[in-house]
Enquirer: 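Let me begin by handing over the structure; questions about it come next.
Residue numbers start from 1 in every chain, and the chains themselves are labelled A, B, ... in the order their sequence lines are given, proteins ahead of strands.
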Protein chains: 2
Amino acid sequence: MATRNSYTLAMPTPDRTSLPDIVAAGRHILEADGLGAVTMAAVAARVGVRPPSLYKRVRDRDDLIRLVAESAVAEMGVELAAAEQDSGDPRARLGDLIGALRTYARTHPAVYRLVFTPVTEGVELPRDLLEANSAPLFAVVAELAGPDHALEAARTVTAWATGFVAMELNGAFRLGGELDAAFEYGIDRLARAIADD
Amino acid sequence: MATRNSYTLAMPTPDRTSLPDIVAAGRHILEADGLGAVTMAAVAARVGVRPPSLYKRVRDRDDLIRLVAESAVAEMGVELAAAEQDSGDPRARLGDLIGALRTYARTHPAVYRLVFTPVTEGVELPRDLLEANSAPLFAVVAELAGPDHALEAARTVTAWATGFVAMELNGAFRLGGELDAAFEYGIDRLARAIADD
DNA sequence: ACCTGAACACCGTTCAAGT
DNA sequence: ACCTGAACACCGTTCAAGT
């Protein structure tokens, strides 16, 4: 019965790739060879298509990079949420959360960098995604600092955590010494600093 | 007496630019239009030369960018040292120092970013330059934390400061509220946190 | 409706040829 | 000894032509 339906639905060329495939390819190349290696040609080759075909699914390279960053943020959110499952006292949970962030940065350095340093001026990550990611930390900090100073305390802790991880990632701690000890020292002092009052 | 001397010294083409000029041009374009705008063509045009001529003074674009970063680090060091002149108690000097870093980031965002985020994997800034820049902060922190915990304390403060400035620069503080207040709160808690023991 | 080759503008870089 | 035009490889992107 090759009638109207099978005729109008017949696709002259079947889809040879998909947006998720393209984003996954970008992710893979980013982690393997860095942001500079994420070219339209490299991504196209990885999904088995020619570069112009990518423009059917993404507006341009910036758009693709943004989608990669979004997928990474979502993944990080899952890992942060998982880290908090092992609940204990607030101080311990704070260490677990920031430790999970640090672990993610070490295991996915290029992806972490992409998320935490704005690659292109105009490109923004969706606000609700970022809020979802920072929610667990915000909650623990509120427990430690009390509701009055929750916002400032969260900012202080977040600034320290992202600063520490960035410096570790960039090899900016040049004076030797135990980095794990510096991390524990920092967490400890921060937790006390925002709690005391 | 157009003799041997004037003959051997005669330069077939006089220098039309210089390394300092090239670095300054790169700096200017970086601050005005961002890192992506610092192309060999743009820099060459600004110093009045054709792109291939730049390769007489710099190895390649990465080399040029590195020189721009170095000149920026040197300039930042001067401003940090100047901020510390207005000496008061250690707590106040700590605020002045980090405040100067923050001011520099706000007035030279692209340059600040270049210095604090490694643009290319292999490129390193000279160690003594970075040490000179962190020396004032290290000294103040040592006063506050005592010699035993000076290193860990300095790392904690530096991580917080660079993290805070980076987040402010990237618009990562999305929940409103007074940023200056958050800054003061952070400095205050940090100073107490590393002092207490 | 997606895919492709051809083409374009732009970029970093090299090199032989000028002076 | 520095400067230049010409050339090359590579990149992002567009578009008409295929199916």
Enquirer: Write out the stems for DNA chain D, ordered by first number and formatted as range with range, counting runs of at least 3 consecutive Watson-Crick or G-U wobble pairs under 3.5 Å.
Expert: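 Stem segments, range with range: C:4-8 with D:12-16, C:12-16 with D:4-8.
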
Enquirer: Do you know which of Val73(B), Val115(B), Leu114(B), Ile22(B) makes side-chain contact (heavy atoms from CB on, under 4.5 Å) with Val68(B)?
Expert: Leu114(B)

Enquirer: Between Arg106(B) and Glu168(B), does any side-chain N to carboxylate O distance fall below 4.0 Å?
Expert: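 The answer is yes: the pair qualifies as a salt bridge.
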
Enquirer: Within this structure, what is the CG-to-P distance between Asp21(B) and dC2(D), rounded to whole angstrom?
Expert: 15 Å

Enquirer: Give the residues of residues 45-63 of chain B touching DNA chain C, defined as any heavy atom closer than 4.0 Å, sorted by residue number.
Expert: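 Output list: Pro52(B), Tyr55(B), Asp60(B), Arg61(B).
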
Enquirer: Any side-chain heavy-atom pair from Phe138(B) and Leu175(A) closer than 4.5 angstrom?
Expert: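 Of all side-chain heavy-atom pairs linking Leu175(A) with Phe138(B), at least one is under 4.5 Å.
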
Enquirer: Output the rounded distance in Å from CE (Met40(B)) to P (dA7(D)).
Expert: 21 Å

Enquirer: Parallel, tilted or perpendicular for Trp160(B) and Phe164(B), by the 30°/60° rule?
Expert: tilted

Enquirer: Below 4.5 Å, heavy atoms only, C-beta onward: do Glu152(A) and Asp188(B) meet side chain to side chain?
Expert: no

Enquirer: Is Thr17(B) touching bases, backbone alone, or none of the nucleic acid, heavy atoms closer than 4.0 Å?
Expert: sugar-phosphate

Enquirer: Nearest-Å distance, CG (Leu64(B)) to P (dC11(C))?
Expert: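 Checked: the CG to P distance equals 15 Å.
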
Enquirer: Using side-chain heavy atoms (C-beta onward) and a distance below 4.5 Å, is Asn170(A) in contact with Arg113(A)?
Expert: yes

Enquirer: When rounded to the nearest 0.5 angstrom, what distance separates CG in Asp21(B) from OG1 in Thr17(B)?
Expert: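 Rounded to the nearest 0.5 Å, the CG-OG1 separation comes to 4.5 Å.
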
Enquirer: May I ask you to test the Leu101(B)-Met76(B) pair for a side-chain heavy-atom distance under 4.5 Å?
Expert: yes

Enquirer: Using atom CZ of Arg16(A) as one end and atom P of dA1(C) as the other, report the distance to the nearest whole Å.
Expert: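 It works out to 17 Å between those atoms.
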
